[in-house]
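Note: hydrogens, waters and symmetry copies are ignored here, and every other heavy atom, side chains too, is used. Throughout, numbering of the chain's residues begins at 1 and tracks the sequence.
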Amino acid sequence: MMIDLQLGFAPFILLLIFLVVASIKILREYERGVIFMLGRFWKVKGPGLVIVIPGIQQIVKVDLRVVTMDVPSQDVISRDNVSVKVNAIVFFRVVDAEKAIIQVENFLMATSQLAQTTLRAVLGKHELDEMLAERERLNLDVQQILDAQTDSWGIKVTNVEIKHIDLNENMIRAIARQAEAERERRAKVIHAEGERQAAEALKDAAEMLSREPAAMQLRYLQTLTQVAGDKSSTLVFPVPVDLIGKLFNVKDGKGAAGD
C-alpha cells in the first residue's frame, strides 16, 4: 500500500522538481531581468540568482554592456550639392532596462534606424569641406541628437564616430586640383613677400651707402674682389660715372691741400 502511494506521488514530485528548476534563473553581472507578473510589469532584478514562477511570471534579459553598432553607408547630399557616401559607428548602452523593453519594441533596430536618419540629416546641413575638416564637431552633433532622442528608451549614446567619406573619381580630381591651386597661390604670395622684403632691405642699404661715399667705394672694391675670383678670361665691370667723379674730387682735394 505504501509503495502504491509513493508511486502515485512520484509524478507530482517530479513536476515540483521541474518547476523549482525552471523557476531558478541566474543573471550575469552585466545582465538585468525585466519581470512581468501576469503580463504586467513587476520589477527589474539581477544580477545573481532570480526566482521566476513559471506560468505566472516571465523574464526578459537585457544586456547592459556597450553595444558597437555599425551604421551602413548612407547617401548624403551636402549643402554645396556634393553627393557622398558616409558610414559611421555608434556606441551606446542600456541604462534603464525597464524603458528599453517597455517603451520600444526592439531598441537595437530602433537605434540603428534613428542613427541612419540622423547621420543623413546632420551631414546634409554642412558643406563637403566641413565634413572633411571638422569631423570631430560633426561626431559630437550626431551623438547629442541621438542621445536626446533615445533617452526616453533608456539608452545612453556614448559616442559616434564617422568612419569614412567616399567620393567619386571626378570629385577627387577636383579636390586635388583645388589643393594644387591653393599651394601655388601660397607659393606666389610667399615669393612676393620675399621680393618686398628684399626691396625694402635694398632701399635701406642704398640710403645708407648714399650718406657715406667712402662706404660706396668700399662696396665697389669688395665687389671687384668677388668678381676677380671668377675663372673667366675676360671681365667687364661697369664703373659708375659719379663714383669716378668722387674719386677725382678726392684726389683734387688732396692735391690742393698739399699745394
Side-chain angles (χ1 to χ4, degrees), residues 5-74 76 86-125 135-163:
L5 290 175
Q6 291 177 357
L7 292 175
F9 284 111
F12 295 101
I13 295 174
L14 293 175
L15 179 61
L16 180 61
I17 295 174
F18 173 78
L19 292 176
V20 171
V21 173
S23 63
I24 296 176
K25 305 293 182 182
I26 298 177
L27 301 180
R28 298 180 178 89
E29 183 65 31
Y30 55 83
E31 291 180 330
R32 297 294 183 270
V34 180
I35 308 298
F36 293 90
M37 176 78 74
L38 297 176
R40 297 177 63 87
F41 171 75
W42 184 40
K43 64 172 60 176
V44 177
K45 289 187 175 182
L49 181 64
V50 177
I51 304 298
V52 179
I53 303 174
I56 298 177
Q57 295 179 339
Q58 295 84 31
I59 182 172
V60 180
K61 295 182 180 180
V62 181
D63 195 327
L64 301 185
R65 292 177 294 181
V66 175
V67 179
T68 303
M69 177 176 292
D70 187 17
V71 180
S73 181
Q74 302 294 310
V76 178
V86 183
N87 57 351
I89 301 178
V90 179
F91 299 90
F92 68 93
R93 62 186 179 90
V94 177
V95 294
D96 192 331
E98 176 187 353
K99 291 181 179 179
I101 297 300
I102 296 177
Q103 299 298 329
V104 62
E105 179 182 3
N106 187 336
F107 65 88
L108 291 175
M109 179 63 69
T111 304
S112 176
Q113 296 297 322
L114 184 60
Q116 295 177 34
T117 56
T118 304
L119 185 65
R120 290 196 299 268
V122 172
L123 296 184
K125 299 178 181 178
R135 189 172 297 186
E136 293 183 359
R137 182 170 64 86
L138 297 179
N139 292 338
L140 183 61
D141 292 343
V142 176
Q143 184 263 331
Q144 291 176 347
I145 295 174
L146 280 177
D147 189 32
Q149 294 183 353
T150 58
D151 183 65
S152 60
W153 302 343
I155 293 174
K156 173 65 177 178
V157 179
T158 58
N159 194 14
V160 176
E161 292 290 339
I162 298 175
K163 288 199 304 183

Does [X] reach the side chain of [Y], with side-chain heavy atoms less than 4.5 Å apart?
X	Y	answer
V160	I89	no
I59	W42	no
R65	Y30	yes
I101	F36	yes
V157	I145	no
R120	V86	no
P72	Q116	yes

Please lay out, stage by stage, how T158 and V90 fare under the test side chain to side chain contact (heavy atoms under 4.5 Å, CB included). CA-CA 8 Å; T158 58; V90 179; over 6 Å; no
Between K125 and D141, does any NZ, NE, NH1 or NH2 come within less than 4.0 Å of an OD or OE carboxylate oxygen? no
Drop me the distance from [X]'s [atom1] to [Y]'s [atom2], to the nearest 0.5 angstrom.
X	Y	atom1	atom2	value
D63	R32	CG	CZ	10.0 Å
I162	Q74	CD1	CD	11.5 Å
I51	S23	CD1	OG	5.0 Å

[X] to [Y] - nearest heavy-atom pair and separation:
X	Y	result
A97	V44	CB-CG1, 4.3 Å
G39	Q58	N-OE1, 4.1 Å
S152	Q103	O-CG, 3.6 Å
I155	D147	O-OD1, 4.0 Å
A100	V94	CB-CG1, 3.7 Å
I26	K61	O-NZ, 4.3 Å

Test item: [X] side-chain N/O and [Y] main-chain N/O as donor-acceptor pair under 3.5 Å:
X	Y	answer
T68	F91	no
Q57	G55	no
N159	Q143	no
T111	F107	yes
N139	R135	yes

Intermediate values then yes/no, side chain to side chain contact (heavy atoms under 4.5 Å, CB included), R93 and L64: CA-CA 6 Å; R93 62 186 179 90; L64 301 185; over 6 Å; no
What do you reckon, is [atom1] of [X] surrounded by more than 12 foreign heavy atoms closer than 6.0 Å?
X	atom1	answer
R28	CZ	no
L140	CG	yes
K45	NZ	yes

Stepwise side chain to side chain contact (heavy atoms under 4.5 Å, CB included) test for E98 and F41: CA-CA 8 Å; E98 176 187 353; F41 171 75; 3.6 Å; yes
Give the intermediate values and the outcome of side chain to side chain contact (heavy atoms under 4.5 Å, CB included) for residues L108 and F92. CA-CA 10 Å; L108 291 175; F92 68 93; 3.7 Å; yes
